[in-house]
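Convention: sequence-line order gives letters A, B, ...; per-chain numbering from 1. What you see below is based on every heavy atom in this structure, not just the backbone, and it leaves out hydrogens, waters and symmetry mates. What you are looking at is a predicted structure, and each value in this text was computed from that prediction instead of being measured.
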Number of protein chains: 2
Amino acid sequence: MFNSKTMDNKEKQNKECQILIAAEQEFLTKGYDGARTTSIAKAAGVTHAMLHYYFRTKEQLFERIVDEKFATMSHSMFAIMGDPSLPIVERIKGGISAHFDFVAENPLLPRFIINEIVTRPEHYEVLYKRISLIIETIFHDLQFEVNRAAERGEMERVDVKMILISIMSMNIFTFLAYPFMEPLMGELMADRDKFLAARKAENIETIMKRIKKQ
Amino acid sequence: MFNSKTMDNKEKQNKECQILIAAEQEFLTKGYDGARTTSIAKAAGVTHAMLHYYFRTKEQLFERIVDEKFATMSHSMFAIMGDPSLPIVERIKGGISAHFDFVAENPLLPRFIINEIVTRPEHYEVLYKRISLIIETIFHDLQFEVNRAAERGEMERVDVKMILISIMSMNIFTFLAYPFMEPLMGELMADRDKFLAARKAENIETIMKRIKKQ
DNA sequence: ATATTGTTTAACAATTTTGTTAATACAAAA
DNA sequence: TTTTGTATTAACAAAATTGTTAAACAATAT
């Protein structure tokens with residue numbers, strides 16, 4: 001009675017929130033086309049009319065998820081930049097590690113983002129303009145540091161963009177293709193945590209050797 | 001009149017073939033859920049009833065494409081093994097190059113395969129058992145050769161599976177994430193062919209340094 | 001010529017999926 | 001207590017998509 005107001009607010013937030021949680025799961029695993037609003041509603045424990053009541057259309061609900069996921073992805077891009085206060089080689093090492101951990105915590109994200117970009121590139125042009133400027137600046141800074149370190153003979157003078165693509169490739173592909181590789185790799189991947197730790201170490205080792213002074 | 005027979009045979013093969021070509025394009029770019037049989041029929045220049053006449057259901061048409069694409073993918077796996085008559089380091093170098101070229105010729109394939117495996121793993125269990133034994137054997141052979149070369153001091157004693165995962169990661173990710181990276185990388189990717197050549201060289205260089213004797 | 005077989009079309013049927021609406025309940029505020 | 005706005009449900013509507021069928025048509029063989 002006296003707390004029915006708060007209860008209802010909670011319930012309301014709960015339903016809207018449950019729908020978002022269910023929608024995230026559904027869209028990330030099945031994509032926009034494979035997702036069903038009825039399936040999302042069912043997973044959220046509400047009637048499908050409620051889903052439309054809160055989010056109007058499938059498209060709008062999807063936008064909500066996409067926005068959040070693109071924000072998350074931006075963070076992963078920043079993780080790869082590493083800690084600017086460290087010496088450059090350590091910074092890159094830390095960047096690889098942080099990026100790997102980030103992707104490990106969001107293993108469904110890369111496939112979702114890539115599928116979105118490939119299937120509807122025009123949707124994301126605006127979003128892209130924003131972050132590409134920032135990225136460009138960070139590339140520039142990193143390259144400057146690399147060049148200085150190279151002149152001091154601490155590492156090879158490498159193209160930062162190429163190195164970052166290699167890092168992203170190896171870190172992301174680990175999770176992107178996990179279900180594909182798992183049945184092919186036998187004992188190596190039997191213990192998931194052990195494999196991921198080994199993979200992370202391998203990625204760091206590979207890049208470290210790539211940038212090491214000969 | 002007199003050539004109507006041959007014309008019609010041609011036309012028939014043409015229609016069935018046109019549908020397959022259109023279906024391949026549609027399924028590879030949009031996936032099973034995003035693909036529309038009407039859209040495929042339209043692209044093939046036939047009524048959608050014809051599509052059902054030749055392939056009965058969307059599912060069966062899809063199976064045809066999937067089978068062909070999985071076969072293609074198997075070939076790419078073999079390309080990465082390189083030429084057994086070469087010394088092991090050259091063999092690996094050649095394998096990276098051949099694999100890169102293979103993926104370059106089938107740039108839509110990796111995303112398609114990964115999406116399939118992730119969204120319907122149970123569908124491919126049978127298919128997997130077949131190739132995993134072959135793969136295991138090849139891994140074993142390669143590892144044997146690597147071990148011998150390492151004992152002769154020609155290279156570092158590395159885990160072949162890890163190296164192959166790294167190669168696949170870097171080669172495949174290049175094409176998988178191309179639309180994602182292109183707007184972020186500025187001049188580097190302005191000329192696609194130039195970028196791909198540079199990327200191929202970078203992948204080879206990275207792996208060569210990884211397996212090189214310290 | 002005629003029967004047979006396979007091809008093609010147009011119209012239709014069935015199903016799935018998204019989205020809407022009218023009726024209802026219910027709490028909060030006036 | 002009336003009013004107002006929000007939440008909820010169930011039933012319905014609309015659209016898209018896949019799949020079917022009957023009949024027309026063409027090719028080939030008998």
Side-chain angles (χ1 to χ4, degrees), chain A residues 1-66 116 119-120 123, chain B residues 1-66 116 119-120 123:
Chain A
M1 282 296 181
F2 66 98
N3 66 345
S4 62
K5 172 174 65 180
T6 54
M7 266 301 283
D8 261 10
N9 272 336
K10 242 192 221 170
E11 283 301 321
K12 182 223 150 172
Q13 287 209 349
N14 224 1
K15 289 207 173 175
E16 193 169 342
C17 188
Q18 297 287 356
I19 294 171
L20 280 170
I21 290 169
E24 175 176 328
Q25 175 67 14
E26 179 96 353
F27 283 131
L28 278 177
T29 53
K30 304 186 186 170
Y32 182 82
D33 293 316
R36 298 286 168 252
T37 53
T38 46
S39 166
I40 292 169
K42 198 175 172 187
V46 302
T47 63
H48 89 275
M50 285 309 295
L51 184 146
H52 290 289
Y53 174 72
Y54 281 117
F55 300 99
R56 199 71 184 170
T57 65
K58 180 184 181 181
E59 187 70 32
Q60 278 184 48
L61 177 56
F62 185 68
E63 293 286 311
R64 273 286 283 274
I65 304 298
V66 163
E116 270 313 293
T119 56
R120 343 184 169 181
H123 260 243
Chain B
M1 281 295 181
F2 67 97
N3 67 347
S4 62
K5 173 174 64 181
T6 53
M7 267 300 284
D8 261 12
N9 273 336
K10 241 192 221 168
E11 284 299 322
K12 181 222 151 173
Q13 287 210 349
N14 225 358
K15 289 206 172 173
E16 194 171 342
C17 187
Q18 298 287 355
I19 293 171
L20 280 170
I21 291 168
E24 176 177 328
Q25 174 67 15
E26 179 96 354
F27 283 131
L28 279 176
T29 53
K30 304 186 186 170
Y32 181 81
D33 293 316
R36 297 286 167 250
T37 53
T38 48
S39 165
I40 292 169
K42 198 175 172 187
V46 303
T47 64
H48 87 277
M50 285 308 295
L51 184 146
H52 289 288
Y53 173 72
Y54 281 116
F55 301 98
R56 199 71 182 172
T57 67
K58 180 183 181 182
E59 187 71 31
Q60 279 184 45
L61 176 57
F62 185 67
E63 293 286 312
R64 273 287 284 273
I65 304 299
V66 163
E116 270 311 295
T119 55
R120 338 183 171 183
H123 260 244

Engineer: CD1 of A/Ile19 versus P of D/dA7: gap in Å, rounded?
Structural biologist: 11 Å

Engineer: Would you confirm whether A/Glu26, through its side chain, and A/Arg36, through its main-chain N or O, come within 3.5 Å as a donor-acceptor pair?
Structural biologist: yes

Engineer: Nearest heavy atom decides the nucleotide; on that basis, is B/Tyr53 or B/Arg36 closer to the 5' end of DNA chain D?
Structural biologist: B/Arg36

Engineer: Starting at CZ of A/Phe55 and ending at P of C/dT17, how long is that distance when rounded to a whole Å?
Structural biologist: 21 Å

Engineer: Check A/Lys58 against A/Asp33 and note the closest heavy-atom contact, atom names and distance.
Structural biologist: NZ-O, 4.2 Å

Engineer: Heavy atoms from C-beta onward define the side chain here; which of D/dT20, D/dA10, C/dT18 lies closest to that of B/Arg56?
Structural biologist: D/dT20

Engineer: Taking atom C1' of C/dT18 as reference, at what distance in whole Å does atom CD of A/Gln60 sit?
Structural biologist: 13 Å

Engineer: Provide, to the nearest angstrom, the distance between the NE2 atom belonging to A/His52 and the C1' atom belonging to D/dA14.
Structural biologist: 12 Å

Engineer: Is the terminal nitrogen or CZ of A/Arg120 (NZ for Lys, CZ for Arg) located under 6.0 angstrom from the six-membered ring centre of A/Tyr32 and within 45° of that ring's axis?
Structural biologist: yes

Engineer: Has B/Thr37 got a side-chain N or O lying under 4.0 Å from the OP1 or OP2 atom of D/dT18?
Structural biologist: yes

Engineer: Would you say that B/Leu61 contacts B/Phe27 through its side chain, given a criterion of any heavy-atom pair below 4.5 Å between the two side chains?
Structural biologist: yes

Engineer: Expressed as a whole number of angstroms, how long is the span from A/Tyr32:OH to C/dT17:P?
Structural biologist: 13 Å

Engineer: Pick base, sugar-phosphate or nothing for A/Ala41, based on heavy-atom distances below 4.0 Å to the nucleic acid.
Structural biologist: nothing

Engineer: Could you tell me the separation between the CD atom of A/Glu16 and the P atom of D/dT8, rounded to a whole number of Å?
Structural biologist: 10 Å

Engineer: Looking at B/Tyr54, does any N or O in its side chain come under 4.0 Å of the phosphate oxygens OP1/OP2 on C/dT8?
Structural biologist: yes

Engineer: Is there a side-chain polar atom (N or O) of A/Lys15 under 4.0 Å from OP1 or OP2 of D/dA7?
Structural biologist: no

Engineer: Using a cut-off of less than 4.0 Å, is there contact between a side-chain N or O of B/Thr47 and OP1 or OP2 of C/dT8?
Structural biologist: no

Engineer: Do the non-hydrogen side-chain atoms of A/Arg64 and A/Leu20 ever get within less than 4.5 Å of each other?
Structural biologist: yes

Engineer: Heavy-atom nearest nucleotide on DNA chain D for B/Lys58 versus A/His48: which residue maps closer to 5'?
Structural biologist: A/His48

Engineer: Check the distance between C/dG19's P and A/Phe62's CZ and give it to me in whole angstrom.
Structural biologist: 13 Å

Engineer: What is the distance, to the nearest angstrom, from the CG atom on A/Asp33 to the C1' atom on C/dT16?
Structural biologist: 15 Å

